[in-house]
Amino acid sequence: MFIIKEAEKERTPQPGQTRVRARKSSSIHKQRHEWLLHLVLVVLSVMFLFPLFWLVSTSLKPIEETMRQPPTLFPAHPQWHNYRDAFVYEADKLGYIPFLVYGRNTLILCILTVSGVVFSNALVAYAFARLRWPGRDLVFAATLATMMVPFPVLMVPVYALFKGLGWIGTFRPLWVPAWFGNAFFIFLLRQFFRTIPFELSEAARIDGASEWGIFRQIILPLSKPALAVVALFQFMGTWRDFLGPLIYLLDQKTFTLSLGLQFYQSQHGGTQWHLLMAASTIVIAPVIILFFFTQKQFIQGIALTGIKG
Amino acid sequence: MARASLPLGAWGTLVINAHPNQPLLGRNMRRLAVPGAIALIALTIWYSELIVAPAPQVGPVHVTYWEKWTGFEGDAMRAVVDAFNRSQSKIHVDLLTISGIEDKTLLATAGGDPPDVAGLYGPNVAQYADDRAILPLDDYCRRYGINASQYIPAYWDIGYYRGHIWALPTTPASTALHYNRQMFRDAGLDPNRPPRTIEEMDADAAKIYRRDAAGHILKAGFMPAEPGWWNWGWGYFFGGRLWDGVSRITANSPENIRAFEWIRSYSVKYGARDLQTFRSGFGNFSSPQNAFLSQQVAMELQGVWMSNFIQMYSPGLDWAAAPFPYPADRPDLKNSTFVDEDVLVIPRGAKHPEEAFQFIAFVQSQKGMEMLCLLQKKHTPLIKVSPEFWAHHPNPYIKLFAQLARGKNTIFPPKLGIWPEYSAELNNAFDEVTLLKKTPKEALEAVQQRMQPKLDEYLRILRLRGDIR
Amino acid sequence: MSAQPETLRSRRSLARNEARIALLFVGPWIVGFGVFLFYPLVASIYYSFCDYSVLRSPVWIGMQNYADLVRDDVFWTSLKNTLIYAMMALPLGMLVAISLAMLLNAKVKGLAVYRTIFFLPSLVPTIPLAVLWLWVFNGEHGILNYVLQLLHLPTPNWLGDPAWSKPALALLAIWGAGNSMVIYLAGLQDVPVDLYEAADLDGAGWWSKTRNVTLPMLSPVILFNLIMGIIGALQVFAEPYVMFPGGSPARSTYFYTMYLFDNAFRYHKMGYACAMGWIMFVIILLLTMLALRLSERHVYYQGS
């Protein structure tokens with residue numbers, strides 16, 4: 001498979017590989033081009049940001065204004081209380097679950113899946129990257145192949161498996177598998193581990209260090225960025241997961257945020273748009289905030305999966 | 001440290017950035033990092049298990065009851081549950097509101113951890129019974145003295161399937177024509193003379209339709225697509241049936257095709273796109289922007305609950321209810337009505353079935369039932385009705401709804417395990433016809449072609465399982 | 001020499017030791033692979049030959065499920081819908097992602113800001129995004145139609161018209177392009193600048209440079225994204241599930257995974273659903289192999 005061929009080439013630095021520069025031309029020409037470029041970028045930025053802007057704008061309108069034709073760009077009178085209302089929506093009604101509960105459940109799952117994913121995949125990737133054992137490359141190829149297996153194929157038997165264990169309705173189906181490896185993260189970490197000079201490991205082995213010692217004290221510290229990427233990806237994944245909670249969670253008090261948003265959608269065809277948007281903003285906000293603080297790692301991580309793939 | 005200018009590509013930058021000698025945290029904190037992380041994980045696992053664990057059972061037996069209702073309908077059931085809990089001290093019913101209840105209950109039963117009582121919809125019974133997802137209630141009924149003679153036949157029948165009683169009613173429903181008397185007056189029609197035949201209704205509707213200068217529909221006399229809850233059943237009003245009760249799907253019967261021709265006529269007359277656009281602008285059902293409440297649609301097939309929504313969101317509306325029209329050449333179809341009910345079932349695997357049924361029996365008693373139905377402002381499924389019930393009822397047309405349900409033209413979906421698929425097909429055919437994508441004959445033939453093999457397969461499986469011979 | 005058999009034996013025992021340790025390290029994955037991948041894969045094939053409603057034990061019915069699938073109109077409709085959607089969303093997404101990446105690749109001031117802005121929408125969790133889009137695409141009240149109206153362009157009923165529901169979903173792909181844009185951007189930065197300089201010396205224009213330098217250099221990345229895109233597009237579920245319940249209108253957005261899900265959890269035909277799952281797997285494999293086969297001619301690897 002071409003992926004392995006690429007990966008197997010220990011990439012040596014290529015001379016002269018620097019960032020592509022913009023086209024060389026006279027400075028006035030360049031200025032005009034830059035100006036045009038900026039214009040295009042600004043227009044595109046508006047397009048891209050608009051949905052998010054619209055989300056927040058709608059969340060601050062009263063329900064009647066949300067349906068006004070023609071739509072108003074900014075709410076006439078920002079209804080900040082919509083956010084509080086979203087939290088206490090149907091609070092006086094039966095079976096009310098505060099939105100915070102959904103947030104708590106989602107957070108629990110994030111903690112458990114992220115720690116599981118970082119721990120288990122680092123271990124496994126180490127075996128593929130830094131140890132030699134019979135059948136290693138074959139198993140690695142098989143691992144990569146599994147990335148192509150669509151989840152629906154596995155959905156029913158996995159469900160039946162969890163049912164047999166009596167785990168349906170609990171959180172376990174949503175976090176336990178994270179502790180047993182994931183093909184994508186194994187691939188990512190394995191590629192990264194292989195770039196760490198093998199001499200470091202050799203030197204440590206000669207000094208009498210155990211594999212576990214090398215793993216813990218040499219490889220892991222050097223891999224913090226890659227591990228951070230894995231953690232971030234998993235966090236985003238768990239935060240957004242919809243199908244998993246849909247199938248495995250039964251009791252409302254166990255629901256996650258993505259399921260919880262459905263409650264603002266119609267019972268009899270009556271969607272509380274303004275509250276739904278407010279709640280959605282609340283759900284999106286942590287993701288965006290987290291992203292702002294971890295941009296560099298995140299984007300580098302995505303780039304890594306793509307180029308070396 | 002140097003970044004992108006070093007010729008190492010992206011991998012290189014990552015390695016260089018992670019300089020092993022840079023302390024991330026203070027030395028002591030780093031030593032605590034690993035055990036701290038382990039502690040956090042263990043704590044989280046323990047907490048997550050705590051959330052999921054069932055509440056310890058002390059004192060009375062706790063019966064979990066999942067119900068779909070919110071708002072005042074939910075409050076009504078809450079009142080009944082409270083009354084039951086107060087009336088005795090051995091059982092305590094815990095009522096939970098669940099959205100998407102038919103799917104969730106199925107999932108929970110499949111997962112092995114269902115509620116003790118679930119409030120489903122009438123049409124769910126067949127599928128659940130086929131899958132043995134619910135317990136037959138014959139034995140319980142016998143012991144608690146509940147039998148068919150106490151009920152309006154249409155409502156007992158809904159819970160009865162293949163020789164067993166699987167579900168008992170909570171609140172019943174029937175449907176009638178709701179019309180806006182003011183809009184009738186404005187169009188020059190007599191508000192005291194609602195249409196009696198379909199043809200009269202079509203003519204009245206034509207007089208009410210209004211468009212604006214740009215040609216957009218402003219007011220509609222009637223639209224088969226609104227509210228769109230019974231799109232599968234229009235054929236019945238024209239004498240059609242959906243299967244022969246034995247082994248054949250009858251989607252393409254002449255009466256069904258005739259009904260769909262009638263549906264099509266509205267799209268032809270008023271413009272499929274125009275109607276669609278008009279419809280997409282309707283507000284939420286339970287809001288003043290409801291199509292009927294906001295006086296955008298003058299006539300609508302609706303159920304006994306509509307009066308509540310009118311009183312809640314549009315109390316000044318001048319409206320009335322009448323039996324839904326029948327085709328002029330079929331007076332035998334007079335007073336046709338959809339009947340439905342919400343039901344209570346005991347899922348298989350429920351931990352306290354006996355106590356669960358005790359609660360169900362309470363709801364079935366005249367006292368319990370009338371309390372519930374009065375608060376939900378519907379009529380009751382029981383034959384015996386106390387005069388106070390009628391006297392206190394807020395729906396001015398309640399007797400009409402009760403009468404329609406006792407009639408002989410009551411319509412209920414076929415009791416087939418494959419009903420969800422069949423109804424999806426019929427809804428799809430309805431869409432295709434209203435959008436003028438297919439002719440009624442084509443659309444219904446397609447349904448027929450698709451569903452007959454499914455019915456055959458379904459019956460074959462039932463035979464294989466030994467459910468039928 | 002006497003030392004040789006010693007080293008041979010110790011080398012072999014070292015290797016055995018290493019293998020044993022490796023087993024410990026790779027252990028979690030062996031379990032995970034076996035329990036969550038291999039077993040379900042095999043079980044899934046078995047179930048696909050059974051009538052299996054999870055509340056009752058599976059009953060062997062041979063090829064019946066597959067035969068029924070072939071005759072099932074809805075199966076073909078859902079497959080067709082999914083493929084049409086993929087053919088719209090994938091090229092659109094790729095075009096937007098590559099274009100954005102190329103725009104950003106010119107050394108522009110504020111590159112990081114723009115990159116963030118374009119990337120942001122792809123972070124938004126599915127449900128809020130779908131819900132937001134329900135709102136934006138609303139035929140009567142939606143902002144999109146309002147803007148189109150101002151520009152005197154036609155205003156289709158995106159959500160209610162079967163002809164426009166799939167395009168509406170495909171447009172969502174534009175906003176999700178941020179993810180692959182980043183990959184392309186990184187790929188672009190890997191292109192050796194001396195190739196561009198050589199092209200400049202030959203007097204090549206912008207399009208010629210793009211066609212002969214940029215795109216070939218990017219081709220491995222494009223291939224990777226194409227394959228991941230195919231796998232993803234064929235499994236689209238959450239957005240249509242929320243935006244178009246039941247695949248309305250008229251099943252125009254009833255996608256493959258939705259039908260699979262309905263069969264498994266609504267109609268309780270789990271065996272049937274498993275058969276559908278396997279067919280999807282085979283299709284993905286075939287498409288991937290096709291992509292790889294085509295790539296041999298068009299994809300160019302640096303340093304090979």
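Throughout, a chain's letter reflects where its sequence line sits, starting with A, and its residues are numbered from 1.
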The interface call for A:Leu257 against chain C, heavy-atom contacts under 4.5 Å, is neither

Here the pair of heavy atoms bringing C:Trp29 nearest to A:Asn182 is CZ3-N, 3.8 Å

Name the orientation class of the two ring planes belonging to A:Phe215 and C:Phe25 (parallel below 30°, tilted from 30 to 60°, perpendicular beyond 60°). perpendicular

With a 4.5 angstrom heavy-atom cut-off, could you sort out which part of C:Ile231 is near chain A: side chain, backbone, both or neither? side chain

Heavy-atom check, side chain of C:Ile30 versus side chain of A:Val124, under 4.5 Å: no

Kindly compute the distance separating CD1 (C:Ile21) from CH2 (A:Trp212), expressed to the nearest 0.5 Å. 12.0 Å

For the interface with chain C, which of A:Trp239, A:Phe242, A:Phe180 has the highest count of heavy-atom pairs at distances below 4.5 Å? A:Phe180

Point-to-point distance, once rounded to the nearest 0.5 Å, from CG of C:Leu103 to CG of A:Leu44: 6.5 Å

For C:Ala264, is it the side chain, the backbone, both, or neither that has a heavy atom closer than 4.5 Å to a heavy atom of chain A? side chain

Under 4.5 Å to a heavy atom of chain C? For A:Leu161 that would be side chain

Where does C:Leu23 contact chain A at under 4.5 Å (heavy atoms): side chain, backbone, both or neither? neither

Looking at CZ of A:Phe50 and CG of C:Leu144, how far apart are the two atoms once the value is rounded to the nearest 0.5 Å? 9.5 Å

Please classify the contact of C:Tyr46 with chain A as side chain, backbone, both or neither, using a heavy-atom distance under 4.5 Å. neither

Given the options A:Pro152, A:Gly181, A:Pro150, which has more heavy-atom pairs under 4.5 Å with chain C than any of the others? A:Pro150

Which pairs pass side-chain hydrogen bond (donor to acceptor under 3.5 Å, both in side chains) with one or both residues in residues 122-131 of chain A, sequence neighbours excluded? A:Tyr126-A:Glu211, A:Arg130-A:Ser201

Scored by heavy-atom pairs under 4.5 Å with chain C, the best of A:Ile288, A:Leu243, A:Val283 is A:Leu243

Quick check on A:Ala125 against chain C: is it the side chain, the backbone, both or neither that has a heavy atom closer than 4.5 Å? neither

Distance in Å, A:Leu41 CG paired with C:Leu104 CG, rounded so as to fall on 0.5 Å steps: 5.5 Å

Donor-acceptor list for residues 271-285 of chain C side chains, cut-off 3.5 Å, not counting sequence neighbours:
| from | atom 1 | to | atom 2 | distance (Å) |
| --- | --- | --- | --- | --- |
| C:Tyr272 | OH | C:Asp72 | OD2 | 2.7 |
| C:Trp278 | NE1 | C:Ser44 | OG | 3.1 |

Distance check, rounded to the nearest 0.5 Å: A:Leu49 atom CG versus C:Phe118 atom CZ? 8.5 Å

Taking the side chain as every heavy atom from C-beta outward, state whether C:Phe33 and A:Ile186 have any atom pair closer than 4.5 Å. no

Using non-hydrogen atoms only, which part of A:Phe185 is less than 4.5 Å away from chain C: side chain, backbone, both, or neither? neither

Rounded to the nearest 0.5 Å, the CZ atom of C:Phe261 sits from the CG atom of A:Leu246 at a distance of 4.5 Å

With only heavy atoms counted, which part of C:Phe36 is less than 4.5 Å from chain A, the side chain, the backbone, both or neither? both

Segment of A:Pro177 engaging chain C (4.5 angstrom heavy-atom cut-off): both

Can you confirm whether A:Trp133 sits close enough to C:Val26 that some side-chain heavy atom of one is under 4.5 Å from a side-chain heavy atom of the other? yes

Residue A:Val42 versus chain C: region with a heavy atom under 4.5 Å: both

